[in-house]
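Counting convention: from 1, in listed order, for ligands and their atoms alike. Just the heavy atoms: all of them, side chains too, but no hydrogens, waters or symmetry mates, feed the values below. None of these values were measured; they are calculated from a predicted model.
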Amino acid sequence: MRRTSPLILGGGPAGCAAATLLARAGAKPLVLERTRAPQDIVCGGFLSADTVGLLEHVGLSASALGAHPITRLRVIAGERVQEMALPFMAFGLSRRTLDAALLAQAGDAGAGIERGVTLKMLDRTQRRVHLNDGSTLSGDTIMLGTGKHDLRGALRPPDARGSDPAVGLRARLAPSTHLSYILNNVIELHVFPRGYAGLLLLEDGAANLCLSVSRSHLAAARSPAALVAALARTNPLLGDRLAQAHATGPWASIANIPYGWRAEPDRPGIFRLGDQGAVIASLAGDGIGIALASGCMAASAWQRGGAEASARFQSSLSARTRLPLQVAGGLKWLAERPYAHGPLLGLMAHMPALARLAITATRVVTNPRP
Ligand SMILES: Cc1cc2nc3c(=O)[nH]c(=O)nc-3n(C[C@H](O)[C@H](O)[C@H](O)COP(=O)(O)OP(=O)(O)OC[C@H]3O[C@@H](n4cnc5c(N)ncnc54)[C@H](O)[C@@H]3O)c2cc1C
């Protein structure tokens, strides 16, 4: 079997995990990444225990990156508040810091990293990538890790996103004494009709505000800032948090999120990683974990079977993510419906063990070590 170096499209957590492990195994993967410098993308910044363990496997420590420890979950519906201990130790970390560390780690391991490269189209049959500058690259193995961004030639089916798809929004809130006190060791989820907002502290004391709302919700408000102002009026405790801090920098957004979608085996040699392989409802806070796990799984599948291992890898990722995606989808459905908020908070108050079991069921329990 001829084994050429894998081409990795996208330098997010999925692409970087695959690149690091492949390089450590002696391959010469090449990562192609659109951004030229670290950025903050739409993400809650919540690192679950799964994610932290996978980061360690890749060679990074969340604590050493300065991540803020999180031990408790607070769910807020209108004026009702319920808090419980998480079933694991978690962290809050900005994507700017995390993604920069992951790319540096892949480069240190020996992977080639090219930044400022925008991919235009993927020819899956020829295993050829067309870049925006008109050039092309090909490889026996293509690992597609462009996240929620669809690449021409490898589009997800339009029905994957549903009739009123979710939109993700994210802003950084300047450090404030009030937020530092309220969010110490806590992640807050503010639930409301057709969406939720997540709030946690980051490594530099700023807070990360991230929302997932239906497209119609955002369209009715006309802009992210107007939407958040309206939510602050109808959700007094969210309003309280926002009154104490101001957003620094512009809103980042991502549209048409295909929550619940899982890729099936594709053409030989095509590995779909991270959000290109499985998209978990974001309120579960395990998308980065799935991305890292899929990168680790793809690297070890490639070492065992080369490009031809892609079908087995994809089936295995799909099987491994099925239950967590279903449970997370169910929790999202409940969180978006006001009549379910009472039972949801009641479950946390009176049956915390069951609530913790539900949270644990949204994790992709993986063991990427050989
Ligand atoms: C609202 C919201 C909140 C979330 N909160 C959390 C959370 O708290 N915790 C958690 O674990 N997960 C969370 N997630 C999910 C998490 O962000 C993703 O699952 C994770 O980032 C997927 O990693 P990835 O490597 O597959 O893709 P990405 O992280 O999206 O990385 C893809 C990379 O590919 C590059 N790229 C894309 N297109 C091109 C192109 N054409 N050419 C070149 N490069 C390209 C991008 O620049 C990027 O660097 C959230 C998601 C949303 C929408």
Side-chain angles (χ1 to χ4, degrees), residues 7-19 31-52 54-55 70 90-96 98-100 102-103 113-122 129-133 143-154 165-171 187 189 195-200 202 208-213 252-259 263 272-295 298 321 325 328 332 362-364:
L7 267 181
I8 301 183
L9 312 185
C16 287
V31 179
L32 303 174
E33 166 57 38
R34 175 166 55 190
T35 59
R36 291 185 186 277
Q39 288 187 359
D40 268 317
I41 65 162
V42 176
C43 187
F46 178 81
L47 307 183
S48 70
D50 259 17
T51 307
V52 171
L54 286 157
L55 281 174
I70 296 174
F91 289 91
L93 187 68
S94 71
R95 286 299 298 269
R96 178 186 293 263
L98 178 67
D99 291 10
L102 281 165
L103 265 172
I113 312 278
E114 289 186 17
R115 301 200 71 160
V117 176
T118 301
L119 311 157
K120 192 171 153 199
M121 213 265 265
L122 170 64
V129 194
H130 298 261
L131 310 185
N132 247 13
D133 64 5
M143 296 196 177
L144 181 59
T146 53
K148 298 195 174 62
H149 303 272
D150 270 337
L151 189 59
R152 202 144 60 84
V167 178
L169 301 168
R170 184 257 170 202
I187 175 167
L189 292 183
Y196 80 94
L199 203 52
L200 53 70
L202 298 171
N208 196 71
L209 173 64
C210 193
L211 294 93
S212 173
V213 295
S253 66
I254 179 119
N256 297 329
I257 305 174
Y259 287 135
R272 296 187 80 124
L273 316 180
D275 280 349
Q276 284 290 328
V279 186
I280 193 164
S282 54
L283 98 169
D286 211 34
I288 303 169
I290 292 178
L292 294 168
S294 66
T321 52
L325 261 62
K332 172 180 179 291
T362 61
R363 306 298 120 187
V364 175

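The atoms of ligand 1 that sit less than 4.0 Å from any heavy atom of Cys210 are 1 (C), 2 (C), 3 (C). The contact set between ligand 1 and Thr118, taken as ligand atoms under 4.0 Å from a residue heavy atom, comprises 42 (N). The ligand atoms of ligand 1 that sit less than 4.0 angstrom from a heavy atom of Ala14 are 25 (O), 26 (O). Each of the atoms 7 (C), 8 (O) of ligand 1 lies under 4.0 Å from some heavy atom of Gly45. Close approach of ligand 1 to Gly274 is summarised as follows: ligand atoms under 4.0 Å from at least one heavy atom of the residue are 26 (O). Under a 4.0 Å criterion applied to the non-hydrogen atoms of Ile257, ligand 1 contributes the atoms 53 (C). Counting atoms of ligand 1 from 1 in the listed order, those under 4.0 Å from a heavy atom of Asp286 are 10 (C), 11 (O).
Put simply, part of Leu211 is less than 4.0 Å from ligand 1, judged by heavy atoms. Within the 4.0 Å heavy-atom shell around ligand 1 one does not find Thr51. Ligand 1 does not have Lys120 within reach: every non-hydrogen atom of the residue lies 4.0 Å or more from it.
Closest to atom 41 (N) of ligand 1 among all protein heavy atoms lies Leu119 O, 3.2 Å. Considering only non-hydrogen protein atoms, atom 29 (O) of ligand 1 sits nearest to Arg95 NH2, 2.7 Å. Ranking the protein heavy atoms by distance from atom 34 (O) of ligand 1 puts Gly10 CA, 3.3 Å first. The nearest heavy-atom contact from the protein to atom 14 (N) of ligand 1 is Cys43 SG, 3.9 Å. Looking at atom 50 (C) of ligand 1, its nearest protein heavy atom turns out to be Ser282 CB, 3.6 Å. Of the protein's non-hydrogen atoms, Asp275 N, 2.9 Å is the one closest to atom 26 (O) of ligand 1. Among protein heavy atoms, the minimum distance from atom 31 (O) of ligand 1 is reached at Gly12 CA, 3.4 Å. Regarding atom 32 (C) of ligand 1, its nearest protein heavy-atom neighbour is Gly145 O, 3.3 Å.
The nearest non-hydrogen atom to atom 47 (O) of ligand 1, considering only Arg34, Lys148, Glu33, comes from Glu33.
Taking the side chain to side chain donor-acceptor pair (under 3.5 Å) definition, one finds that Ser282 meets it with Tyr196, Tyr259, sequence neighbours left out. The salt bridge (Lys or Arg N to Asp or Glu O under 4.0 Å) check on Asp40 picks up Arg96, Arg170, with sequence neighbours excluded.
Arg34 pairs in a side chain to side chain contact (heavy atoms under 4.5 Å, CB included) with only one of the listed residues (Val117, Thr118, Asn132), which is Thr118.
Using a 4.5 Å heavy-atom threshold, the side chains of Arg95 and Ile288 count as touching. The side-chain heavy atoms of Glu33 and Ile113, taken from C-beta on, include no pair separated by under 4.5 Å. Annotation: side chain of Leu119 is in contact with side chain of Leu131 (closest heavy-atom distance under 4.5 Å).
Only the backbone of Val117 comes within 4.0 Å of ligand 1, counting heavy atoms alone; no side-chain atom from C-beta on gets that close. Contact annotation: for Ala291 versus ligand 1, heavy atoms closer than 4.0 Å belong to the side chain alone.
For the 3.5 Å distance criterion, the side chains of Asp286 and Ser48 qualify, holding a donor opposite an acceptor.
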